[in-house]
Amino acid sequence: MSVVDRFSESWRKYRKPGYYEDFDYAWTMTIDLDRCNGCEACVTACQAENNLPIVGEEDIARGRQMQWIRIERYWDGEYPNARLSFIPMLCQHCDAAPCETVCPVSATYHNQDGLNVQVYNRCIGTRSCAVYCPYEVRYFNYSNHHWPAPLDQQLNPDVSVREKGVMEKCTFCIQRIRQAKDHAKDDGRRRVRDGEVQPACVQTCPTEALVFGDRNDPDSQVSRSLNDPRAYRVLDELNTRPSVVYLKKVVTDGG
Amino acid sequence: MPDIDRRDFLKLVGAGSVGVAAGFVLAESIKHPVEYLIPFPVPPEDYSPGIATWYNTVCRMCAAGCGISVRTREGRAKKIEGNPAHPVNQGRLCALGQAGLQVLYNPDRLTTPLLRDGDRTGPFTQITWEEGLSAVADRLASVDGGRIYLLSEGVRGHLAGLFELFMAGLGSNRLLHYDFDYPHTLYAANKRFYGENNLPYYDLRNARYLLSFGADYLGSWISPVHHGLGFGHSRQGGEVRGYFVQIEPRMSLSGAAADEWIAASPGTEGLLALGLAHHIVAEGLYEGDDRDDWMSALAAYSTARVAEQTDVPTNTIARLAKAFARNQPSLAIGGGAAGNHSGGVDTLVAVNALNYLVGNLGKSGGLLFNPDPVVGRPTRSRRASFQTMLELAEDARRGNIEVLIVNQTNPVFTLPAATGFKEALAGIPLIVSLSSFMDETTALADLILPSHTYLESWGDDIPEPGVGFRTASVSQPVVSPLYDTRATGDIVLGLAQKLGLTDSMPWTSMKEYVEQGWRQIHARGADTETRDFQAFWRAILQAGVWGEKLRRDNGAFALDKSVIDNIGAQQPEFSGSNDDFPFVLHPYLSNTFLDGRGANLPWMQELPDPMTSVVYGSWVELNPATARQLGLAQGDLVRVESPHGSVSAPVYLYPGIRPDVIAMPIGQGHAEYGRYARNRGSNPIEILAPRAESHTGALAWSATRVKLAATGKKAALVQTGGTSRQLGRGIVQTTDATAGSGHNARLNSIPIKVVST
Amino acid sequence: MAAEHNELTYADVNRDVVRSLVETGPKYYVTLGVAVGVFLTCFFFPWFYQLFYGIGAAGMNQPTVWGTYLASFIFWIGLSHSGTLLSCVLHITNSAWRKAMYRSAEAMTLFSLMVAATMVMVHLGRPWFIHWSLPYPNQMELWPNFRSPLLFDVMAISTYLAGSSIFIYMGSIPDFAAVRDRTSGWRHHMYVLLSLGWRGTDTEWHRLGRAYTFLAVLIIPLAVSVHSIVSWDFALSIVPALHQTIFAPYFVVGAIYSGTAGIVTVMFMLRKYMNFERYITELHFDNLGKLLLLLSLIWTYINVLEIFTGWYSGTSTELEALRYKLFGFYAPLYWEMILFCAVAPLLLISRRFRTSFVPMLFLSFAINIGMYTERFLIVATSLSRKYLPDTWGLYVPSLVEISILIGSVAMFVTLFLVFVKIFPSVSIYEVKETMDVPRKGTPQWQTTR
Amino acid sequence: MGVSIVPTLRVLKPAAMIIVVMALGTVVGFWANAAFLPGTAPKQPIAFSHKMHAGDYQIPCMYCHIEARRSISAGVPSINKCVGCHGIVAKDRPQIRKVLDYWQNKEPIPWIKVHDLPDFVYFPHKRHVLAGVECQICHGPVETMDVVTRTAPLKMGWCLECHKARAVEHGTDCWTCHK
């Protein structure tokens, strides 16, 4: 097949609305804001799993924190009726991702699992994806990070350590997905079973607020969760079609 | 070429050589660096490169006793996750627990035994274990047993037993377990009310209505991960959505998660509890035989009076009381600042009374009592309260202590400066520290025998409180020791050997001792008799947890009339007068560092505080209205002055705090403790008044009044978050649907671990 | 018009221009030395440090991942806009007053494009991989992303750079030949190579004229598209206050505006320091002043429109972005921009102002400072106030960034200083076109028209 | 004054010669480094001969590289595997004595990687072995080599050639091989 054919074929494929429904999987996460208590266990789990650096006080003061999942906090009202709500914010793996269109070198793209992936070694560091991302979940390596020995022994060998000048973000723990598929292949299964793979944040969430799975599978846990009437997407009006769906926080007045 | 002369030729040769050299260097510079492939000389069993091995062990980052699975690859620990089989955390784990890896791989660990010559300001020199152990053993042998103190962090299981044997062998009764956050008042209250010196199991999972009096049960109280599991399930896992009420002067993590946050006047939680009890009894929501006794005991706590004392409106009290009684099963818990106040035990007894009145005892969704543990001895009598520590300091001052062995606890940091504890240590001739880190107490030691971290040691643990049935877990090393350190148990056994205590302590290693202890459990085993011990032991190591499905009969509970008669709560007492010190200081355990033990972990330093998103520092929380009055703005450096000293920290405007209260997180302000903790923020414990709770002698850490003095300076308040208001953008959306919605994450809760290929 | 040139003869022109190339005083070398020194210390070494350390050497942070580098990039691209574009427009409309200034205006285009391209390199996290943004066949079948506005940028800018290089070079060939014939030594050899064997035959003049006009027509839409495309870097994002259809004309107008102001600056310098008083006259300043006034009015209109659309949207995000721009942390800069770019240019209504050289110089400075501020505000205000308030932050340029900004100006000055010694900075043959044909003289210099 | 370019070219000739010679020299130098010091056959701490073991004695690859079929890493055998045989066989040869020295000191042998991929590449041996890819396709005819030499370029384009030829499922997706 010539280059031109290949190009026009993929062009047709990706121009088709809803093309991602034909994908092998459509990995999706639901986050129940009524369960989330803001404990940030997910944040540390992600840091441990994905080799996130310790950027240090100075860099955080300059606004360069690196946590692929973060807890945003929003106050409503004033004392004594102040209320604080937490919302975990991570890469939404949008099906119509603004970041994917802007990268000049296609370092970020949609793969066949419906994931918005970032190829670190392709990134040239224009940072335009971070500008285009309305959720601010892309993190840039402003310098090389160091792990004073022996902290480096903790680094996960399944995940790269990103160098300076590279954009990075939540991958839905793609290394775990890859291994789960590998297992499925070893067992002669065509597909990964529901619940067989969980990103680090979902795995550790003490309140079980996070649910992860394949929404192409109607019986999966996450598909059922998506049917919840409380389901909504953050900044839905931008039509980015995120794969992370939130379940509304329940607020009642009086017991 | 004939027209090239000699000069040109030389030029060309020169140019050519420069070119060749440049090309060569260029090619050399882009070459791949040499990498090595270094196999083990003898590979460990069950090891293969590229394939992860999971070891189950026990988390020691706090006292909850969660089971953990540690992923290792190529002999290095890579990640800590919850052990799915463990009943406490069921596969889940908090941030601090996961940061345990950085305890193991901390760059500031003590790597060899260290000895300090001369006074306690000089440097340490490296010594061998043999020298170190002999030095201690010689000293221990030469002094009277009663003059030897062993001050340990709170330990359970076999290590606690070993300490008992060791101290008994030395002829000393001076064995103390000291933790800053040990809930002395809760034990005392349970003892007084239920006659049970024990913590019950709080069944949040099935509770439909929870009243929490100051207990930050999702952040730092007792067993946060287990409570989190229960909270999540109660919220959206069942048929009816649970309703959570948090009563505390400063909104904690649990307060934010709760449906309702009630800022009662600090220290009046007990009054409020009794006010609710009064309303329940008076409105006929309690129909027990002893109703009249209750009526008379609670007569003084009429709704109107309590409302005035607690600053909670009467209709709120009435509403809470009604809802608490009607929405069964309900649960009332108390702790935190409410428990560590001048009348902490009274407060918690009042909370217990609430549970009693609506019948929450011994039933699902209420509180259940635990069977006695099978492993180790209860260490409750060994638990050092604030009062005990004052006595220890006094003994030290009088010269009654010859040797103090400190194991992984840091009283110099967690005791108020006004106690003079640090200075008192000067009166002790020999201080031996078994710590893995150079913390403030270890920095004052003469001899350091560094322990393994928990990820390198053998041991076992019984979660406290239990989960309603008998359970225990074994901890095993997940990696080979990084440094020339030894397990605490092995150090004690080594000393015992040198001292000739081998009769009572014949074991050569902690592993042998633990295994021997578990032999006894196997021998008495109810459901394990079919297997031989080795199979049993292997099964436990694999599962990481052992349990017996033996529940205690929680059926009948009769309350003594004297208990009812003695119920009461006083107005709180504070150190410092209202006029000079207008604010109540509300120190709270940091969600990330607890009592400061997590401050040396870079992940924890970099984890934003859940409520404020501040990292790497301390702050003073002020109600925006108060700040306006004082003319203070976010980030202004203020001095917090109590009658016993002052600390400085930047102001953080916090909408969820009473205007007459200021709050500070505990955990920062270390003078030692490694590069990540040292000289960062400030420690509010320093300025606390040395006031003990009246019944238990526990430190009443929320009973100090302070004043604020602006310094006129700005301080760096490093925050990860920007503006914490939604501005109508619908980011966190809410609904008022109260019914359970059928979303059930429970089904998927057992993680199937993806082990590397 | 011819009257003003009456005292000039063809020989004068030749002599003046060749003198500007050949006679170099110590002042020139001092200026060049300073420019190169500033370039090295303020641009090269900080950049080297930044390459070593990472982009963290600059002040960029999480919400504001783009900073002054990108603002400088747009600024230089904008500055590039007037030169060639104006020259082309004036060429095909046959405006005679263009002829004395177009060469240096085009050079300005060329050099500011080069500086802009360098700013892209400075801006990138891993500039050593910039070739990945070019579509070249490879075994991996890896291609750049053709949907990306940044790739449009790469295409548009490289085309524009190529087009304007050819344009300025083509227009200079007869002049190179003229200089070739009046110089000796290495200069002579250089101009032999540069003039491509130009003999000045009728056929050559004819072909040059055809090709030149053809290129001029081609470059006009190209120039307009370049800045439209640069604006799409922003407008195609969904960032509040950037996601606007007005952005393409806004950028084009802004670009021509700042470019025209840049031309005024350059004209002043050439006139003053290269002794071209007789060629660059009040007429040029008057005409440029009128143009500036027109552009400033259009620019102001678009700014008002931007405020209106922000207010009219009524959404929290747009309103907040607008509020922040007008009254937030960067508000002083905003009002400074309005003062310099919307209010001050109203002085141009007065002809006396337009024809006074020094005030015009200061005005051109003011406009370009204002326009730089505009670019900075586009980047800084919108990015620091995006959708999720919890991520809002603040961006303040670091020393490295400020130094590189200064260094980039030095780079531009250096390039220009080298240019004036190689290229005849006033077009010899076109100036002659405006003059009366001399009765005596070599027929070689007769024009084709 | 003429317009001829010839005098100019004559003047420029010496400088041009120097530049051309220097450029040619650079090419030669680069080539010489690549050709004579390719680094594809580093000197190992022990002169282990794959030709003898895998070629002459026909020991299967996965007798020593045991992990190849079940792990991402093929694994280099530990010394105890070497000593398993050489505790008895050929104990007196100098190279074997070196091995036995390492064994006695319980020191690992610091083998130098011949086939090294960048850290951002995820190459599971297992998937390739189970898919029936011969070891020799990437590692070359190791059984004929006294000193192991890298014969394949191990570059991305080269990987993709094979992935495309074999129509590997998602074989050209970046995240199949990158991490």
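The figures here come from the full heavy-atom set of this structure, side chains too, leaving out hydrogens, waters and symmetry mates.
The contact between Pro608(B) and chain A is made by backbone and side chain atoms together, counting heavy-atom distances below 4.5 Å. The part of Gln65(A) that comes within reach of chain B is its side chain, from C-beta onward, which places non-hydrogen atoms under 4.5 angstrom from that chain. Neither the backbone nor the side chain of Asp236(A) has a heavy atom closer than 4.5 Å to any heavy atom of chain B. Both the backbone and the side chain of Val55(A) have a heavy atom closer than 4.5 Å to some heavy atom of chain B. Looking at Ala45(A), the atoms closer than 4.5 Å to chain B (heavy atoms on both sides) sit in the backbone and in the side chain alike. Only the backbone of Pro53(A) comes within contact range of chain B, with heavy atoms under 4.5 Å apart.
Screening Tyr246(A), Tyr135(A), Tyr74(A) against Ile731(B) for a side-chain contact (heavy atoms from CB on, under 4.5 Å) leaves a single residue, Tyr74(A).
Between the side chain of Gln98(B) and the backbone N or O of Ala41(A), at least one donor-acceptor pair lies under 3.5 Å.
Most heavy-atom pairs under 4.5 Å with chain B, from the set Val43(A), Ile60(A), Asp152(A), Thr204(A): that is Thr204(A).
There is a side-chain donor-acceptor pair under 3.5 Å between Arg230(A) and Gln236(B).
Proximity of Leu482(B) to Pro150(A): side-chain heavy atoms (C-beta onward) are separated by under 4.5 Å at one or more points. Contact of the Pro148(A) side chain with the Tyr105(B) side chain is not registered, since no non-hydrogen atoms from C-beta on lie closer than 4.5 Å. Put simply, the side chain of Leu155(A) does not reach to within 4.5 Å of the side chain of Arg76(B), judged on heavy atoms.
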Test side-chain contact (heavy atoms from CB on, under 4.5 Å) on Val615(B) and Glu57(A) and set out the steps. CA-CA 8 Å; Val615(B) 292; Glu57(A) 184 177 7; over 6 Å; no

Can you list the steps and then say if Leu253(B) with Cys39(A) is a side-chain contact (heavy atoms from CB on, under 4.5 Å)? CA-CA 7 Å; Leu253(B) 195 66; Cys39(A) 72; 4.1 Å; yes

Test side-chain contact (heavy atoms from CB on, under 4.5 Å) on Met611(B) and Arg73(A) and set out the steps. CA-CA 7 Å; Met611(B) 306 299 287; Arg73(A) 46 196 66 68; 5.8 Å; no

Working for side-chain contact (heavy atoms from CB on, under 4.5 Å), residues Asn156(A) and Lys79(B): CA-CA 8 Å; Asn156(A) 186 352; Lys79(B) 184 150 194 308; over 6 Å; no

